[in-house]
Amino acid sequence: MVGRMIEAENLTVRFGNLEAVKSVSFQVEEGTCFGLVGESGSGKSTLLRALAGLNPDWSGRLRIAGDNLAPHRSKAFFRRVQMVFQDPYGSLHPRQTIDRILSEPLIVHKFGDIDARIRRGLDEVSLPASVRFRYPHQLSGGQRQRVAIARALIAEPEVLLLDEPTSALDVSVQAEILNLLGDLRVARGLTYLMVGHNLAVVTHLCQRIAVMQQGVIVETLSANDLRSGNVTHPHTAGLRQLSLELTEAC
Amino acid sequence: MTVKVRNLRVTFPLPQGAVEAVKGVSLDLGREKVGIVGESGSGKSLTARSILKLLPKQARMTADELTFDGIDVLKAGETAMRRIRGHRAGLIMQDPKYSLNPVMSAGGQIAEAWRAHRGGSRKEAMEAAIDLLAQVQIRDPMRVANSYPHELSGGMGQRVMIAMMLAPGPELLIADEPTSALDATVQAEIMRLIEDLVSRRGMGLVLISHDLPLVSHFCDRVLVMYAGRIVEELRASEFGKAQHPYTRGLLECLPSLTHPTDRLKGMRRDPSWLAG
């Protein structure tokens, strides 16, 4: 049965007196990709980080596969939910080899068979076995982002949180990473929650999209409605118009 | 003001032999908007920075000809270059977070640029800075002038950098990925601001970016670079007619809002592109 994988109910995230996310609710079905778009400061990354357990100062309800989340997450949560960050130059430990980076989640979650899992993990993201004993600085940006994805997937999570996973990459590398993420979702039945500001990129991967403005979801719509311009909120229409002007110029 | 570049080469000596990052680039710039597009490592930034002789220390630059308004950049010493840098050609860099001085107020930095090139008293310079902040469409220039970089948003910081570049009244503006650290809405605002300032002041613009649609939207002419060479030159309006498979590949691997596909086309790189 396909159920709800991620649920947020009246989620509010605070930084001191500032409410960065204001009573936001949404649901993500299992095996689908849900996108959060908006301008910088709209609260989309804050929401993602609260879900990931990186920001404990939130109120409301968050559920993963029906289980309520506490402000501080258990180890079992991180087994289930993993995150891929925007900048592959900053998110990998510079003094650890790829082998060490990929071993860590396996050791933490007490997996056996580490050697075979790392080999399989690299193969799954189309990295040659030769990168295993290299350091991050010896890899290109695209290869690094593949390592970050392999690290997120190696403990076999059900949910991936993607924070602008391609915006630091060249367009040709972006295409490869988007294809990879699409293939992995289908192959493993993963659920994605993806944050981005490029509408074309987010709609490429996601079936449903929420548009955020000043901490509030102003509209939730299907990718097809966004494509065809079947939108209700003026902010969504504005973002769509801008994307058409700038990305479909040629 | 014209810039003439003939057969520009930039090499980096490495223990395993020299690496040529720019391999014989020739171009002419006037008071127009030119875009240089390419992926990381294509040599686009090095090409533009060569005009200002702002290359990493270990880089070696050669050219048959490299002139800025008749001044031979290859032979020019640091003093002569200083009269071009900032004064006649401004450089806007990618990330205001790293390019602004974190311990100096925004207004103070703009005033410093103003005084370095135009002289005058501190008071005059500060007044000019506030005027420049108003010109880059900052609503409350007084407040921003007294703010420190960490108190400003990315878009605001980029406006401060632009104001600083405008202070000496340059004839050429080189913008190296000026908006890639910003989100789509702010990106459009900053590009419109640059476009507006460039046409109002009659400056030349070199826009370096990896974002082909953005460049074609704001420039008259676009140079596409691949592995240190210009592989194609196009009028911005003619991108549909791009001939080179690399240019076509750059366009085809972009996801589109209106024309969805299940899989994006990857770039298939042909070794023959390296031959130039």
Side-chain angles (χ1 to χ4, degrees), chain A residues 37-42 44-45 86-87 89 126 140-142 164 166-183 186 195-207 209 213 223-224 226-229 235 238-250, chain B residues 37-42 94-95 153-156 179-189 191-192 209-219 222 226 234 236-242 246-269:
Chain A
V37 298
E39 300 172 4
S40 31
S42 61
K44 55 189 194 306
S45 291
Q86 173 173 8
D87 183 3
Y89 295 86
S126 310
S140 68
E164 306 250 16
T166 63
S167 55
L169 306 173
D170 276 322
V171 288
S172 59
V173 183
Q174 167 173 284
E176 291 167 15
I177 297 290
L178 289 177
N179 283 340
L180 173 68
L181 287 170
D183 294 344
V186 175
V195 161
H197 70 259
N198 184 322
L199 282 197
V201 169
V202 175
T203 38
H204 176 76
L205 218 53
C206 298
Q207 290 83 42
I209 290 142
Q213 188 182 28
N224 285 335
L226 184 60
R227 285 206 173 96
S228 56
H235 188 60
L239 288 178
R240 182 176 179 275
Q241 188 51 38
L242 187 74
S243 169
L244 289 181
E245 262 174 46
L246 288 183
T247 61
E248 323 267 316
C250 351
Chain B
V37 180
E39 293 178 283
S40 355
S42 61
Q94 177 173 355
D95 199 335
S153 67
M156 210 63 122
T179 61
S180 36
L182 309 172
D183 74 53
T185 322
V186 187
Q187 183 175 3
E189 281 169 19
M191 280 316 303
R192 287 193 192 115
S209 174
H210 65 276
D211 189 337
L212 231 168
L214 181 86
V215 168
S216 68
H217 198 263
F218 288 102
C219 292
V222 181
Y226 180 74
L234 288 159
S237 51
E238 290 174 345
F239 259 100
K241 293 182 213 151
Y246 177 67
T247 317
R248 299 226 53 90
L250 278 183
L251 291 170
E252 282 163 3
C253 65
L254 287 171
S256 153
L257 194 56
T258 44
H259 305 96
T261 47
D262 277 350
R263 286 187 74 77
L264 295 167
K265 260 196 187 168
M267 177 84 71
R268 234 176 262 127
R269 289 158 206 275

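Basis for what follows: all heavy atoms, side chains included, without hydrogens, waters or symmetry-related copies. All values reported here derive from a predicted model rather than from experimental measurement. Here is how names work: the chains are called A, B, and so on, in the same order as the sequence lines, proteins then strands, and each is numbered from 1.
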Need one label for [X]: side chain, backbone, both or neither, based on atoms under 4.5 Å from any heavy atom in chain B.
X      : value
A:D183 : side chain
A:S40  : both
A:L239 : side chain
A:N198 : neither

Residue part contacting chain A, namely of [X], when any heavy atom lies under 4.5 Å:
X      : result
B:T261 : both
B:D211 : neither
B:R268 : neither
B:L250 : both

>> Closer than 3.5 angstrom, by distance alone: can the side chain of A:R227 be matched with the main-chain N or O of B:T258 as a donor-acceptor pair?
In response: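 No, because the side chain of A:R227 does not come within donor-acceptor range (under 3.5 Å) of the backbone of B:T258.
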
Close side-chain approach of [X] to [Y], heavy-atom, < 4.5 Å:
X      : Y      : value
A:L169 : A:I177 : yes
B:F239 : B:T247 : yes
A:L205 : A:L178 : yes
A:S172 : B:R269 : yes
A:V171 : B:C253 : yes

> If you count heavy-atom pairs under 4.5 Å with chain A, which of B:G41, B:G155, B:A184 comes out on top?
Replying inline: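 Result: the option with the highest number of such pairs is B:A184.
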
> With respect to chain A, which residue among B:M267, B:E238, B:R263 yields the maximal number of heavy-atom pairs within a distance under 4.5 Å?
Replying inline: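 Winner by heavy-atom pair count: B:R263.
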
> Which atom names give the shortest non-hydrogen contact between B:S180 and B:Q94, and what distance separates them?
Replying inline: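 Looks like OG-NE2, 3.3 Å.
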
>> Testing the basics here: between B:P255 and A:A200, what is the closest heavy-atom pair and its distance to 0.1 Å?
In response: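 Looks like O-CB, 3.4 Å.
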
> Which one of A:V173, A:T203, A:N179 has the most heavy-atom pairs closer than 4.5 Å to chain B?
Replying inline: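 The answer is A:N179.
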
